[in-house]
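One structure is given here, and the rest of the page talks about it.
Quick note on labels: first sequence line is chain A, next is B, and so on, each numbered from 1. These numbers come from a predicted model, not from an experiment.
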Amino acid sequence: MKKASNFKDRVYAIAAKIPKGKVTTYGKLAAIAGVPGAARAVGNAMRTNKDTNAVPCHRVVGSTGALTGYAYGNGLATKRAMLKKEGVAFKGERVDLSTALWEG
DNA sequence: CGACTGACCTCGC
DNA sequence: GGCGAGGCCAGTC
């Protein structure tokens with residue numbers, strides 16, 4: 001392990017810490033990882049992620065709570081289904097950050 | 001090492 | 001709140 005840069009490893013660790021029924025944004029995740037503004041890098045780390053079981057990348061959404069992408073299952077459809085199943089509040093096609101936002 | 005890509009964010013209208 | 005353009009960061013080829 002420890003092959004990936006500290007940043008990526010950090011992102012995975014944080015993503016794995018997200019409690020069930022909660023979600024966070026790429027920007028927040030990047031900030032918590034120690035690199036505010038690296039939201040795109042976070043998305044990259046998630047996309048390259050292969051351990052969905054250990055890294056619930058589906059718990060990471062956009063700043064507005066909109067599901068941006070998912071590399072597994074049926075994409076956003078699966079992502080949304082998983083979040084709903086975990087008890088995340090939804091606003092139509094977007095997550096209700098007012099109640100399901102995890103700030104760490 | 002150089003350039004392109006990507007699951008974003010912020011600013012302005 | 002939605003649409004369009006610019007910019008930042010890390011990873012991969």
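One interatomic measurement links the two molecules: CD1 of A:Ile18 to C1' of B:dA7, which rounds to 13 Å at whole-angstrom precision. Across the protein-nucleic acid pair, A:Leu29 atom CG and C:dA10 atom P stand 14 Å apart, rounded to whole Å. At whole-Å resolution of the value, CG in A:Asp9 and P in C:dG11 are 11 Å apart. The distance between atom NZ of A:Lys28 and atom C1' of B:dC8, rounded to the nearest whole Å, is 15 Å. Taking atom CD1 on A:Ile32 and atom C1' on C:dC9, their separation rounds to 17 Å, with Å as the unit. Straight-line distance from the NZ atom of A:Lys8 to the C1' atom of B:dA7: 14 Å, rounded to whole Å. Atoms CE (A:Met82) and P (B:dA7) sit 18 Å apart, rounded to a whole Å.
Taking the side chain to side chain contact (heavy atoms under 4.5 Å, CB included) definition, one finds that A:Thr48 meets it with A:Lys8, A:Tyr12, sequence neighbours left out. In this structure A:Asp51 satisfies the side chain to side chain contact (heavy atoms under 4.5 Å, CB included) test together with A:Asn49, A:Ala54, sequence neighbours excluded. Residues passing the side chain to side chain contact (heavy atoms under 4.5 Å, CB included) test with A:Ala38 are A:Phe7, A:Ala30, A:Val35, A:Ala41, sequence neighbours excluded. Residues satisfying the side chain to side chain contact (heavy atoms under 4.5 Å, CB included) test with A:Ala66, not counting sequence neighbours, are A:Thr64, A:Arg94. Scanning for ring pair (Phe, Tyr, Trp, His ring centres under 6.0 Å) contacts around A:Phe90 gives an empty result, with sequence neighbours left out.
The salt bridge (Lys or Arg N to Asp or Glu O under 4.0 Å) pairs that include a residue from residues 22-31 of chain A are A:Lys28-A:Glu103, where partners are two or more places apart or lie in different chains. Among residues at least two apart or in separate chains, ring pair (Phe, Tyr, Trp, His ring centres under 6.0 Å) pairs with a member in residues 60-86 of chain A are A:Tyr70-A:Tyr72. For residues 34-48 of chain A, no pair satisfies salt bridge (Lys or Arg N to Asp or Glu O under 4.0 Å), with sequence neighbours left out.
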Stepwise side-chain contact (heavy atoms from CB on, under 4.5 Å) check, A:Leu83 with A:Val95: CA-CA 9 Å; A:Leu83 291 171; A:Val95 180; 4.1 Å; yes

Could you check A:Leu29 against A:Val60 for side-chain contact (heavy atoms from CB on, under 4.5 Å), going step by step and ending with a plain yes or no? CA-CA 8 Å; A:Leu29 193 51; A:Val60 187; 4.1 Å; yes

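Looking only at distances, a side-chain donor or acceptor of A:Arg59 sits under 3.5 Å from a matching main-chain atom of A:Ile18.
Within the 4.0 Å cut-off from OP1 or OP2 of C:dG1, not a single side-chain nitrogen or oxygen of A:Lys91 is found. Contact between the side-chain N/O atoms of A:Arg94 and the OP1/OP2 oxygens of C:dG1 is not found at any separation under 4.0 Å.
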Kindly give the atom pairs (protein nitrogen or oxygen, nucleotide nitrogen or oxygen) under 3.5 Å for nucleotides 2-4 of chain B.
none

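For DNA chain C, none of the residues of residues 59-71 of chain A falls under the heavy-atom distance limit of 4.0 Å. Listed by residue number, the members of residues 34-48 of chain A with any heavy atom below 4.0 angstrom from DNA chain C are A:Val35, A:Gly37, A:Ala38, A:Arg40, A:Ala41, A:Asn44.
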